[in-house]
*Asks:* 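Okay, handing you the structure first.
By convention in this document, chain letters (A, B, ...) are assigned in the order of the sequence lines, proteins followed by strands, and residues within each chain are numbered from 1.
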Protein chains: 2
Amino acid sequence: MALEHAILVSLLEKPGSGYELARRFERSIGYFWTATHQQIYRVLGRMEGAGLLHVREVPQRGRPDKKEYSVAAPGRAALTAWLHEPIEPESVRHELAVKIRGAAFDDPAALISEVERHRKAHDDRLGRYLTGELRDFTGPEAPRPLDAGGELQHAVLRGGIAYERMTIAWLDDVLDTLHRLRTATPRT
Amino acid sequence: MALEHAILVSLLEKPGSGYELARRFERSIGYFWTATHQQIYRVLGRMEGAGLLHVREVPQRGRPDKKEYSVAAPGRAALTAWLHEPIEPESVRHELAVKIRGAAFDDPAALISEVERHRKAHDDRLGRYLTGELRDFTGPEAPRPLDAGGELQHAVLRGGIAYERMTIAWLDDVLDTLHRLRTATPRT
DNA sequence: TCCTTCTATGCAACTTGTTGCATAGACAAG
DNA sequence: CTTGTCTATGCAACAAGTTGCATAGAAGGA
C-alpha cells in the first residue's frame, strides 16, 4: 500500500496530526499522491496499531487537542524495505482521454468547454507549483545549499511542473483538433 | 465509474468479447485506462444485466465460443449523458515519486537502478506508441483523410507520446540529481 | 444570539480494484 | 502423450478508495 509509505515519508519529513497530514496531501505530497482525511485517519490508526508509528496527545489552546504521529523504528524499517523493492511502472488512468475518444460518438464541439476547464485547472496548479518552487527552492528565501531531502523534493516538484506544462500543451493540441473537426464536419 | 464508459467507447469503436476487450486494454485503450480481465468480465456482466449492452454467443472453429458484446441504445444514452457532465481533473498517483522523496531517509544512490528501470519501461512504451502512430495515423498505410474518430484517437495518442517523453526527460533529471547527491554527500 | 468557518477526529456503508485460483477446448512442440 | 501456450470465461476473497454523515470546541461576524 503506497499510502502507508507516503505517510511514512511525510511524517519523517515532519511529524504531525492526521489533520495536518490531510492538509499536506492537498499541497506538497498531493503533487504525486492524493488522499482524503478519512483514508488518512483509517490508515494512521492501523499503522499505529501495527507499531509503525508513535502517537502523542497534544493539548492545544484555542483549538481541539490533536494526536501527533511520528515514525517508530519498525516504521522506518518498513519504509527502507519498501525502498529496496522494485515497483511496477505506473498504470495510467486518464478519464478525460476516455471522454475525448468518446466524443466521436457525440458532438466533439460540446467537449470544448470541458477541455478548457481542465486546461485552466492545470494552469492554476502549475502556477501554485511555480510559486512553491520559488518559495522553497529557487527564491532568495530558500535555504542554500539544499540538503539531500531538499534536492529530492525539488526534483519531484520539477516533475510536477513538467507534467502540468506537458498537459497544458496537450490540451491545447486537443482544443485545436476539436476546433478543426467543427469546421471540417459541421454536423455528423 | 469510468471503466464502464471506457468499455462503452471501446465497444462503440468495435464490438467484441471480454477477452478481446482485455487485450485492447493492454494496448490502445490501455494508453489511458487500465483494467484486468477479471474486472472487465465483472463489469460487462453488470452492464449487460442493466440493459446497457447486447450479447451474442458466437460459436468459433478451433477456439472456445465467445460472447460478443455491443452497445445497446440505453448504453449509448448513458455515454452521451456522461460526456455532457463535467468531471474532476485527475488526481495524480505516482508511487515512484514517493520513493524518490523517501530516498532522503535511505541511500539515494540505491535508487538509481530502480529509476533506470522505470526509464527503460517508459522508453519502451514510447517506442510502441510511435510504432502505433506510424501504423494507424501518420504512415503510408494509414487511412487519409481521417474521420472524426481517427482524429480524436490520434489526439489521445499524441497525449500518450507527450507523457512518455516528458516522463523520460524527468527521470533523466532525477538520475542527474541522484548522481550529484552521491558525489556531494558520499555517505550520510 | 445565531450562523459560519476552521481545527480536529472518526464511523459506516458502499464502490472499485487486485490477487489467486479454476476451468476448458485447441494446437504445437518435444 | 505430456507439457505448455493461446483463446475464453469466471468466482471468491481481500485490499483500497469514496461518500455521506456525525461530533465538538473556538473564533468571528451579522
*Asks:* Taking atom types as modelled and ignoring hydrogens, do the side chains of B:R23 and B:S28 form a donor-acceptor contact shorter than 3.5 angstrom?
*Replies:* no
*Asks:* Let me know the distance between CZ of B:R46 and P of D:dG10, rounded to the nearest Å.
*Replies:* 15 Å
*Asks:* Return the residues of residues 7-27 of chain B meeting this criterion: a heavy atom under 4.0 Å from some atom of DNA chain D. Order them by number, or give none.
*Replies:* B:S17, B:G18, B:Y19, B:R23
*Asks:* Find the distance A:L44:CG to C:dA8:P and express it as a whole number of Å.
*Replies:* 14 Å
*Asks:* Expressed as a whole number of angstroms, how long is the span from B:M1:CE to C:dG17:C1'?
*Replies:* 11 Å
*Asks:* Does a nitrogen or oxygen in the side chain of B:Y41 sit under 4.0 Å from OP1 or OP2 of D:dT9?
*Replies:* yes
*Asks:* Starting at atom NE2 of B:H5, determine the distance to atom P of C:dT16, rounded to an integer number of angstrom.
*Replies:* 10 Å
*Asks:* Flag the pair B:E4 and B:R46 as a salt bridge only when some basic side-chain nitrogen lies within less than 4.0 angstrom of an acidic carboxylate oxygen.
*Replies:* yes
*Asks:* When you measure from the side-chain N and O atoms of B:R93 to the phosphate of D:dG17, is any distance below 4.0 Å, counting only OP1 and OP2?
*Replies:* yes
*Asks:* Reading nucleotides 19-26 of chain C from the 5' end, what letters show protein touch, with B for base, S for backbone sugar-phosphate only, - for no heavy atom under 4.0 Å?
*Replies:* BBB----S
*Asks:* Looking at B:K66 and B:E20, is any side-chain nitrogen of the basic one under 4.0 Å from a carboxylate oxygen of the acidic one?
*Replies:* yes
*Asks:* A side-chain contact here means heavy atoms from C-beta on lying under 4.5 Å apart; do B:H84 and A:D106 qualify?
*Replies:* yes
*Asks:* Would you kindly say whether A:S70 and A:R56 are connected by a side-chain donor-acceptor distance under 3.5 Å?
*Replies:* no
*Asks:* Under 3.5 Å, which donor-acceptor pairs link side chains of residues 168-176 of chain B to any protein atom two or more places apart or in another chain?
*Replies:*
unit_1, atom_1, unit_2, atom_2, d
B:W170, NE1, A:A155, O, 2.8
B:D172, OD1, B:R119, NE, 2.6
B:D172, OD2, B:R119, NH2, 3.2
B:D173, OD1, A:R158, NE, 3.4
B:D173, OD1, A:R158, NH2, 2.8
B:D173, OD2, A:R158, NE, 2.7

*Asks:* Between atom CH2 in B:W33 and atom P in C:dT18, what is the gap in whole Å?
*Replies:* 10 Å
*Asks:* Donor-acceptor pair, B:R24 side chain versus B:S10 backbone, under 3.5 Å?
*Replies:* yes
*Asks:* In whole Å, what is the span from the CD atom of A:E4 to the P atom of D:dA16?
*Replies:* 7 Å
*Asks:* In terms of the nearest nucleotide of DNA chain C, which residue is placed more toward the 5' end: B:V43 or A:Q60?
*Replies:* A:Q60
*Asks:* Ignoring hydrogens and geometry, is there a side-chain-to-backbone donor-acceptor pair from B:R125 to B:E164 under 3.5 Å?
*Replies:* no
*Asks:* Using the six-membered ring wherever Trp is involved, compare the ring planes of A:Y163 and B:Y163 and label them parallel, tilted or perpendicular (cut-offs 30° and 60°).
*Replies:* perpendicular
*Asks:* Round to the nearest Å and state the distance from B:I40 atom CD1 to D:dT9 atom P.
*Replies:* 11 Å
*Asks:* In whole angstroms, how far is the C1' atom of C:dA8 from the NZ atom of A:K66?
*Replies:* 10 Å
